[in-house]
Amino acid sequence: MHMEVSFTNDTTLIKSLKKGDPKAYTFLVRTYHHKLCVYTYSLTNDSDQSEDIVQNVFVKIWNKRHKLKDDFSVKNYLYKMVYNEFIDQYRKQKITLSLEKKHIEALSTIIEEKDEKSLERLIAIVKQEIDKLPPKCKKTFLLSKEEGLTNIEIAEYLNVSIKTVEAHISKAFVLLRKAVGHKVNGILFLLFGNSKKVRS
């Protein structure tokens, strides 16, 4: 009996991929390519690199299709693969930015978001909360996160004490944590991860 395969669920899609069905692969790429590129760009801020990472992930899935488990979340699997590919390329490039363990862990919790809309929503919330910070607090926080300045450098630049700088940054974190909880570090890394230095 001939039926048009709709791949309405992950199990059907995975089984078809394991059989080497090109329609399943086309469906996979068509469904997730753009979403993954948008997500990867939030990590790299580089459209060409994002495209390369996503393409590599699709190639790896096709090459390893026989080893896929029969029942898992395709979306979560793709996002994790993209993230892992990003980390691999990142290490190979030996960029001066140091990815601290807590940022890796925080990002891992972000990637557990089942819906990319949730991730976009969290990023939007953090941006809004940063915009709502008191002016001096916001400026200090952005000098730290966006520009990657040390507390001493900020203090010298703003002509204030280091304690004042620390107080502003602490206040910003308290307010942001109220908005998004323990995921704040991961979201901040997505927003400012490509600054020269990452500190919190």
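The chain is numbered in sequence order, starting from 1.
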Engineer: Determine whether L142 and E147 make a side-chain contact, defined as any pair of heavy atoms from C-beta on separated by less than 4.5 Å.
Structural biologist: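 No, side chains not in contact.
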
Engineer: Just verifying a value: how many Å separate K60 NZ and N63 CG, rounded to the nearest 0.5 Å?
Structural biologist: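 Reported value, rounded in 0.5 Å steps: 10.0 Å.
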
Engineer: Measuring from atom OG of S50 to atom CD of E85, what distance do you get when rounded to the nearest 0.5 angstrom?
Structural biologist: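 These two atoms lie 12.0 Å from each other.
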
Engineer: Suppose we screen for salt bridge (Lys or Arg N to Asp or Glu O under 4.0 Å). Which residues come up paired with K127, at least two apart in sequence or across chains?
Structural biologist: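 So K127 forms no salt bridge (Lys or Arg N to Asp or Glu O under 4.0 Å) with any residue.
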
Engineer: Where do V59 and Y25 come nearest, in terms of heavy atoms and distance?
Structural biologist: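 Minimum heavy-atom contact is N-OH, 3.9 Å.
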
Engineer: List the atom of F86, the atom of I53, and the distance in Å for their closest heavy-atom pair.
Structural biologist: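 For F86 and I53, the tightest heavy-atom pair comes out as CA-CD1, 3.9 Å.
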
Engineer: Roughly how far apart are Y157 OH and T150 OG1, rounded to 0.5 Å?
Structural biologist: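 These two atoms lie 14.0 Å from each other.
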
Engineer: If you take all heavy atoms of Y79 and K35, which pair is closest and at what distance?
Structural biologist: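 So the minimum-distance heavy-atom pair works out to OH-CB, 3.9 Å.
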
Engineer: Going from CD on E129 to CG on D131, what distance comes out if it is rounded to the nearest 0.5 angstrom?
Structural biologist: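 Spacing of CD (E129) from CG (D131) equals 9.5 Å.
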
Engineer: If you compare all heavy atoms of G20 against all heavy atoms of R65, which two are closest, and at what distance to 0.1 Å?
Structural biologist: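 Heavy atoms only, the tightest pair is CA-NE, 3.5 Å.
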
Engineer: How far does CD of E51 sit from CG of N56, to the nearest 0.5 angstrom?
Structural biologist: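 These two atoms lie 10.5 Å from each other.
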
Engineer: For L36 versus T40, what's the shortest heavy-atom pair and its separation?
Structural biologist: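 So the minimum-distance heavy-atom pair works out to O-OG1, 2.5 Å.
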
Engineer: Is it the case that one hydrophobic cluster holds both F27 and Y77, taking links as side-chain heavy atoms less than 4.5 Å apart, direct or via other members?
Structural biologist: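 Shared cluster, yes.
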
Engineer: Are the side chains of L158 and L143 in contact, using a 4.5 Å heavy-atom criterion?
Structural biologist: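 Side chain of L143 against side chain of L158, heavy atoms only: contact under 4.5 Å found.
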
Engineer: Which donor-acceptor pairs under 3.5 Å do side chains of residues 170-181 form with protein atoms, sequence neighbours excluded?
Structural biologist:
from, atom 1, to, atom 2, distance (Å)
S170, OG, E166, O, 2.9

Engineer: Between I123 and V38, is there a shared hydrophobic cluster once you connect ILVMFWY residues whose side-chain heavy atoms come closer than 4.5 Å?
Structural biologist: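 Unlinked, I123 and V38 end up in two clusters.
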
Engineer: I'd like to check the side chain to side chain contact (heavy atoms under 4.5 Å, CB included) partners of K18; sequence neighbours left out, ordered by chain and number.
Structural biologist: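 Once residues adjacent in sequence are excluded, the partners of K18 under the side chain to side chain contact (heavy atoms under 4.5 Å, CB included) criterion are I14, L68, D70.
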
Engineer: Indicate yes or no: at least one non-hydrogen side-chain atom of L122 is less than 4.5 angstrom from one of V126.
Structural biologist: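 Side chain of L122 against side chain of V126, heavy atoms only: no contact under 4.5 Å found.
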
Engineer: Checking K75 against Y32 for the side chain to side chain contact (heavy atoms under 4.5 Å, CB included) test, could you report, in this order, the C-alpha distance in whole Å, the side-chain angles of both residues, the deciding distance, and whether it holds?
Structural biologist: CA-CA 8 Å; K75 182 185 286 185; Y32 293 106; 4.0 Å; yes

Engineer: Roughly how far apart are S144 OG and L188 CG, rounded to 0.5 Å?
Structural biologist: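 That separation rounds to 9.5 Å.
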
Engineer: If you look at every heavy atom in F58 and L78, which pair is closest and at what distance?
Structural biologist: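 Shortest heavy-atom separation between F58 and L78 comes out as CE2-CD2, 4.3 Å.
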
Engineer: Should we count CG of N159 as having more than 12 external heavy atoms under 6.0 Å?
Structural biologist: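 No, because the 6.0 Å sphere around CG of N159 holds 12 heavy atoms or fewer from other groups.
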
